[in-house]
Amino acid sequence: MPKLDSLKTYREKRDFSITSEPAGLEKKAGAKKTALSFVVQKHWATRLHYDLRLELEGTMKSWAVPKGPSFDPNDKRMAVHVEDHPISYNTFEGEIPHGQYGAGKVIVWDKGIWIPLEDPHKGYRDGKLKFELHGHKLKGHWTLVRMKNTQGQKQEAWLLIKEKDGYARPASEYSVVDEMPDSVSHLNIPQILASAESPTFSASRKASGTGKNMVLPVSAVKADPPRMLEPQLATLVDGPPADPAEWIYEIKLDGYRLLTRIDGKEIRLFTRNGNDWSHKLPDLLKAISKMRLKPGWLDGEIVVLNEKGIPDFQALQNAFDTERTQSISYFLFDLPFYDGYDLRPCSVIERRELLKTLFEKPAPEQIRFSEVFDAPPDAVLGSACRLGLEGIIGKRKTSTYVSRRSPDWIKLKCARRQEFVIGGYTDPKGSREGIGSLLLGYYDEDHQLQYAGNVGTGFNDKALRDLKAKLERISSESSPFVRGSAIDKKAHWVKPVLVAEVSFGEWTRGGHIRHAVFRGLRTDKKAEAIVREKPVHADSARADSSASIPPSLRITNPDRVIDPSSGFKKIDLIRYYALVAPLMMEHLKGRPVSLVRAPDGISGQLFFQKHWDKENMRGVSQLDPDLDPEHEPLLEVSTAEGLLSAVQMNVIEFHTWNATKDKIDKPDRMVFDLDPGEGVQWPHIRESAQLVFIFLKELGLKSFLKTSGGKGLHVIVPIKRFYNWDTVKEFSQAIVQHLAATIPRRFVAKSGPRNRVGKIFIDYLRNGFGATTVSAWSVRAQPGLSVSVPLAWEELESLTSGMRWSASNIHERLDRGNEPWADYQTVKQSITPAMKRLGFKPNRENTKQKTA
DNA sequence: GCTATTT
DNA sequence: AAATAGCAACGCGTC
DNA sequence: GACGCG
Ligand SMILES: [Mn+2]
Ligand SMILES: [Mn+2]
């Protein structure tokens, strides 16, 4: 009997006028029950988890399993006991709205019936349930046990454990949550005695008259095949995507893409550009018709296999040239339409499953099913390359069929390989006939034909003669390549109409290909469409290309706006720091650093941070506590990754000390921070910096300039690490006081905004122990996200503002980089002579370590 | 943004 | 699990 | 001693 208030907690937590979850007000089912239901709902709430619910006493007893179930009996999965849910919740799928309890997406990840193996009421009370699950994914014998010490607490911790039986599998070999991530809501409740079937398919819908075992995926839509169909194309990537469980891999076949339309008795074959090649492939046509297929579209690739069973592109071309096309094989890998259904909305897995059923009856030898390889992508690619294949094709398991190039289909190539325009050729040497090499090119963004180097190998004798003949027919007086291309003077030019497929080792920095091998002429591609192919990262092919961002770094809320004035996002700041990291690390290395963080963007409350005891900021390390024994350990950004992991923690600014960790009590620089007061015009700031420069020069001190990113400028004086902090600070104060005394209209040496109205306070206080100044290349947490940038003194005159550069326009400055400060490292000046010139006497107390 | 605490 | 609370520097100079 | 600056 259900307790009357069993669902009280459930209802209290939810507002059913807002959420679409069931209120569970329906009448409880009658006492007689044939079977108890169970459901596992995958719930993307604050964190992803799996809610296991077992029907008992008229409600669904529920546990939240953060890691989800495991078939490995050695895995004990934490299962937090949560409030009972109504049975009607079992079919709930959807989005729980923002602000509601458990906001986020919910899917029915598994469902079925459960059979208690011992008295479930007693077991539930006592904290030990043994049961069998009969679901689509979860099967076999399981146990839920309550952990000690947790009984009575509001949230009891239980453990979900797989018992040893025929369904148990080691975690190293199988992860059900990874391999079966999707919803089963469209499937029927499995029957206990139902035969093992692919869980992806419903047995309830069958297409008429197809193979006996053909079942239709639910996403199939009734539709007649269209007259034309454009193929789905794959995106070139430079490596497999991160999650291998989401992808299947097939061999990339080196031939021509061919789509087949079956329309009653008529069968037509189309190339990827929609050319009807039916007449060119009579044998293939005959073979397909023998399969007696229903109307639809087949998708695949035609190839000629060599004696080793490897596709041979040149042999394929030969077959067409000589009209001996019997040797052509057709490898089918997709089935976008079939037997009155549009299968494009189905997943590629489902379409392939259907396609495979077409091969259950013996099929003609030329027609093949393109198998997938059940191994990690690197291994598949490796063996494909060793076999001399072109590469592999990856398809996202859940992807639907779309008539365009899609990031859900990817190609991973063995060698780099692409088509080039033939722009000329050289004469053969020695005994070779025909041509020596082909001059290759590709069109750039401005549609100029760029020279890409030569290819001189990979031809057989016939290819050499044929090419020569073809090239002579299109010969030209002048070079088709863009002016200034450095090409052999004895070359023969041709009109840029022929396209060659070439494999090669790599691109040189000069934009030429190395180790090129000719693979054949392409007649299915237009010369004007040939561009330089650039592989992208598979994981970023969808949207952004994240250049040098380590994959280990998790960026949460990448699209959060940091600066509302510019719309600059967190991910943009990550990219900025990734970009300037090599330049900025020179200024950070070895120096204690302080961070300015902006958890709510720059318009929110900022805070300053000097310490961090967590170990979750990779690349930011704690320094020796002895450096500053009075406080928590200081920080150092020790690697470029540290910059990025800091940004993940909403760090915007990086401020450094004037000393390095290897000699923390002797500053290695002085900073003069020019802080203009109210009403100071830019030209005055500029001239004042110049005056500081001149005065320092008179003292014999070389100085370096940078923008502050704010209103003012920073002047840095690198010094020998000789005097202690107090001495250096007092000397810097003396310099500022001297300037303020000699040019009182311009400078003040006294801090406080009141003192500097219309004047510039030269802040020498940055020179104390523990004081910091914003680092070069740091972004400032202010509207516009300006950046502190190193400058040469010669640039000062044309400088328009201390905020001249920002995170958005820094690319204009990257080429200059740290160049303006090139001699910074070599300047190791003693300030002793400067002290003498200024008449500054170091305090005895401050210089006692000084011996000579 | 993260962690510990509470329910 | 989910919501919530607490946390993340410091010294110096000026008045 | 409080305030405020970076
Ligand atoms: Mn949940
Ligand atoms: Mn300043």
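By convention in this document, chain letters (A, B, ...) are assigned in the order of the sequence lines, proteins followed by strands, and residues within each chain are numbered from 1.
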Item to check | Distance-only polar pair, side chains of S786(A) and R780(A), donor-acceptor under 3.5 Å | outcome: no
Checklist entry - Going by atom types alone, do T656(A) and R669(A) pair a side-chain donor with an acceptor below 3.5 Å? => result yes
Checklist entry - Of the nucleotides dC5(D), dG1(B), dT3(B), which one has an atom closest to the side chain of K614(A)? => result dT3(B)
Checklist outcome for this item: From the list F131(A), W158(A), F71(A), ring-ring contact (aromatic ring centres under 6.0 Å, His included) partner of W142(A) resolves to F71(A)
Checklist entry - What nucleic acid atoms does R560(A) come within less than 4.0 Å of, heavy atoms only: base, sugar-phosphate, or nothing? => result sugar-phosphate
Can you give me the N/O atom pairs linking the protein to nucleotides 6-11 of chain C at distances under 3.5 Å, or say none if there are none?
from, atom 1, to, atom 2, distance (Å)
dA9(C), OP1, K610(A), N, 3.4
dA9(C), OP1, H611(A), N, 3.3
dC10(C), OP1, H611(A), NE2, 3.1
dG11(C), OP1, H631(A), NE2, 3.1

Checklist entry - Of the nucleotides dG6(D), dG1(B), dG13(C), which one has an atom closest to the side chain of K729(A)? => result dG13(C)
Between the protein and nucleotides 2-5 of chain C, list every N/O to N/O distance that falls short of 3.5 Å.
from, atom 1, to, atom 2, distance (Å)
dA2(C), OP1, H43(A), ND1, 3.4
dA2(C), OP1, H49(A), NE2, 3.3
dA2(C), OP2, H49(A), ND1, 3.0
dA3(C), OP1, G102(A), N, 3.1

Checklist entry - So what does R554(A) hit on the nucleic acid, given a heavy-atom distance under 4.0 Å: a base, only sugar-phosphate, or nothing? => result nothing
Checklist entry - Is the closest side-chain donor-acceptor distance between E21(A) and T19(A) under 3.5 Å? => result yes
Checklist entry - Among pairs that include at least one residue of residues 737-763 of chain A, which meet ring pair (Phe, Tyr, Trp, His ring centres under 6.0 Å), considering only residues two or more places apart or in two chains? => result F695(A)-H738(A)
Checklist entry - Within the pair N755(A) and dT14(C), is there a side-chain N or O less than 4.0 Å away from OP1 or OP2? => result no
Item to check | salt bridge (charged side-chain N to carboxylate O under 4.0 Å, His left out) evaluation trace for K105(A) with E95(A) | outcome: CA-CA 4 Å; K105(A) 189 180 162 190; E95(A) 198 77 26; over 6 Å; no
Next on the checklist: Checking contacts here: which listed nucleotide (dC12(C), dG1(B), dC2(B)) is nearest the side-chain heavy atoms of L765(A)?
Outcome noted: dC12(C)
Checklist entry - Should N616(A) be listed as having a side-chain N or O under 4.0 Å from OP1 or OP2 of dT3(B)? => result yes
Checklist entry - Would you say T556(A) reaches dG1(B)'s phosphate, i.e. side-chain N/O to OP1/OP2 under 4.0 Å? => result yes
